[in-house]
Number of protein chains: 2
Amino acid sequence: MTRVELFDQIKKKQSYLCVGLDTDINKIPKHLLSKDDPIFEFNKQIIDATKEFAVAYKPNIAFYEALGSKGWESLQKTVDYFPSEVFTIADAKRGDIGNTSALYAKAFFDQMSFDSITVAPYMGQDSVTPFLRDGKWVILLVHTSNPGSADFQLMVSRDTGKKLFEEVIEKSKQWATADAMMYVVGATRADKLSEIRTLAPDHFFLVPGVGAQGGNLEEVSKHGMNKHCGLLVNSSRGIIYASHNEDFVDTARNEAKKLQEEMKMLLDTYL
Amino acid sequence: MTRVELFDQIKKKQSYLCVGLDTDINKIPKHLLSKDDPIFEFNKQIIDATKEFAVAYKPNIAFYEALGSKGWESLQKTVDYFPSEVFTIADAKRGDIGNTSALYAKAFFDQMSFDSITVAPYMGQDSVTPFLRDGKWVILLVHTSNPGSADFQLMVSRDTGKKLFEEVIEKSKQWATADAMMYVVGATRADKLSEIRTLAPDHFFLVPGVGAQGGNLEEVSKHGMNKHCGLLVNSSRGIIYASHNEDFVDTARNEAKKLQEEMKMLLDTYL
């Protein structure tokens, strides 16, 4: 999917919602546990209930790895089930030496057909570029939503005066354009979003942390939107665990719809 | 396995060799491809041939993920096959927000019984500490062996004058002691090893990059060894792909033996 196609979907659905499929076998409704594949059954029903309101889906791979090869099968079935028009993100935060990153790319782009993958920047250019396949996207960690983001990401360079996360943006802009690279910027970092937007005017930002982690959708949109929207705002627990009961499908649908309606207003205001 | 137990194994085998099980279905000898599980068959034979000379084994998870759920099964069988006295490393370079890192810990410490896991530091403390389970080890990326290590790891802090990788060591020493944390320092960084050893006198270093990536074992040992050895030096391609033919077992054994013999001399010299 190209950046233009993604923006078309955003305009069509009046939404920049990404649904996080952080599917935990201990949290899904109990009545699903009798199914052959409770994880996939849950995901299938969530996708069906929310696809009208979401432009993207983001399974966090840890949730599937925690269940071994069975979890990997559930993930594969989920990826195969995604509607063709949605943008799919393997939230894997991978990164290794060149030939090894190339194998991670194989896992998520060949073995499974994700559109994009989140990548950690610590090992630098040759750990990131193997993911830059034609038609695929790298979503590079820049300034994350968790408390530990302050440990290293805010370190100021003696030589350039820039913070580490700013150096990550500056350097990575030389590795790929805004048509192949996005950045992870936590919703809890809304105060920094304007600055980050100035450094990366054209790039899409994947913004986790709205909802359970405390980020505010309006603040994020006001500071982060650009002329192609440029935002994919993720919500996971607020949608998929809004109910732990048999009505979880309707509840998920309603929560996704509420977010989409708010996003429609924000697109009208800030786009 | 405790640090003392690991040092006991090093003294017993007169070796600090870690065998990297970077098992690529396209590179293993063709005669294995007719087996039900060629990957596991290869690993099994490599383990049997080299366990006399190695104190640790390190599968790089990317190689298994690239084969989907079948690869994950081969990995599980490999982990179950490791002899009980070896130190096992999931080379996964994982890291995410707290509850997600906890699920990665579940994948590698509960679902599979690895002793340790490599972790990327970019997201800071709360992305690392969930891996610090009783009896388990975090092996934190510090200064890696690849060219891209220069992109961010050498950035100098305006406030402390330290490089980013030094800040990673300084901060992480507060999160866990040398009985639960190790550091990844590339063999190609031997020039920096003395300095890094000064910053972390008691910690074990996992040292990849001897062999195919160009690192020198003697240099690494001279600059990096401490009074408990403090080094796990990894070799993968130099051992497991020393031959692509039916004699691969004997060749692997010989290469591992050569490294162990050199390590014996280096232990005599530098310990």
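Every heavy atom of this structure was used, including side-chain atoms; hydrogens, water molecules and symmetry mates were not. Model, not experiment: these values are computed from the prediction. So you know, we letter chains A, B, ... as the sequences are listed, proteins then strands, and number each from 1.
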With chain B, which of Y104(A), F108(A), F165(A) has the greatest number of heavy-atom pairs at distances under 4.5 Å? Y104(A)

Rounded to the nearest 0.5 Å, the CZ atom of R94(B) sits from the CD1 atom of I61(A) at a distance of 9.5 Å

Using only atom types and a distance under 3.5 Å, with no angle test, would you say the side chain of N146(A) pairs donor to acceptor with the backbone of I97(B)? no

Check the pair N60(B), D96(A) against side-chain contact (heavy atoms from CB on, under 4.5 Å), reporting the backbone distance first and the verdict last. CA-CA 10 Å; N60(B) 187 300; D96(A) 209 318; 3.1 Å; yes

Of all of Q153(B), H143(B), Q76(B), M112(B), which one pairs up most often with chain A through heavy atoms under 4.5 Å apart? Q153(B)

Please rank D159(B), T118(B), V168(B) by heavy-atom pairs under 4.5 Å with chain A and give me the top one. V168(B)

To the nearest 0.5 Å, tell me how far D151(A) CG sits from S127(B) OG. 8.0 Å

I need the M123(B) CE to F152(A) CZ distance, nearest 0.5 Å. 12.5 Å

Between T100(A), D91(A), L75(A), who has the most heavy-atom pairs with chain B when the cutoff is under 4.5 Å? T100(A)

Could you walk me through whether S157(B) and V156(A) satisfy the side-chain contact (heavy atoms from CB on, under 4.5 Å) test, starting with their C-alpha distance in whole Å, then the side-chain angles of each, then the deciding distance to 0.1 Å, before giving a yes or no? CA-CA 6 Å; S157(B) 167; V156(A) 178; over 6 Å; no

Which atoms of D110(B) come close to chain A, meaning under 4.5 Å heavy atom to heavy atom: side chain ones, backbone ones, both, or neither? neither

Within-4.5 Å side-chain heavy-atom neighbours: M155(A) and E167(B): yes

So what's closer than 4.5 Å to chain A heavy atoms on Q125(B): side chain, backbone, both or neither? both

Begin with the C-alpha distance, continue with both residues' side-chain angles, and end with the deciding distance and a verdict on side-chain contact (heavy atoms from CB on, under 4.5 Å) for W72(A) and K70(B). CA-CA 9 Å; W72(A) 214 257; K70(B) 186 90 178 52; over 6 Å; no

Checking Y64(B) against chain A: side chain, backbone, both or neither under 4.5 Å from a heavy atom? neither

Can you tell me which portion of S149(B) sits under 4.5 Å from chain A's heavy atoms? Options are side chain, backbone, both or neither. backbone

Do E65(A) and Q111(B) come within less than 4.5 Å of each other through their side chains, counting heavy atoms only? no

Hey, which of S101(A), G148(A), G95(A), A102(A) has the most heavy atom pairs under 4.5 Å with chain B? G148(A)

From the list P121(B), S145(B), A150(B), the residue making the most non-hydrogen contacts under 4.5 Å with chain A is P121(B)

Taking the side chain as every heavy atom from C-beta outward, state whether Y122(B) and K93(A) have any atom pair closer than 4.5 Å. no

If you tally heavy-atom pairs under 4.5 Å against chain B, which of A92(A), A107(A), A120(A) wins? A107(A)

For the atom pair CG (L103(B)) and CG (D22(A)), what is the distance rounded to the nearest 0.5 Å? 9.0 Å

Checking V128(B) against chain A: side chain, backbone, both or neither under 4.5 Å from a heavy atom? neither

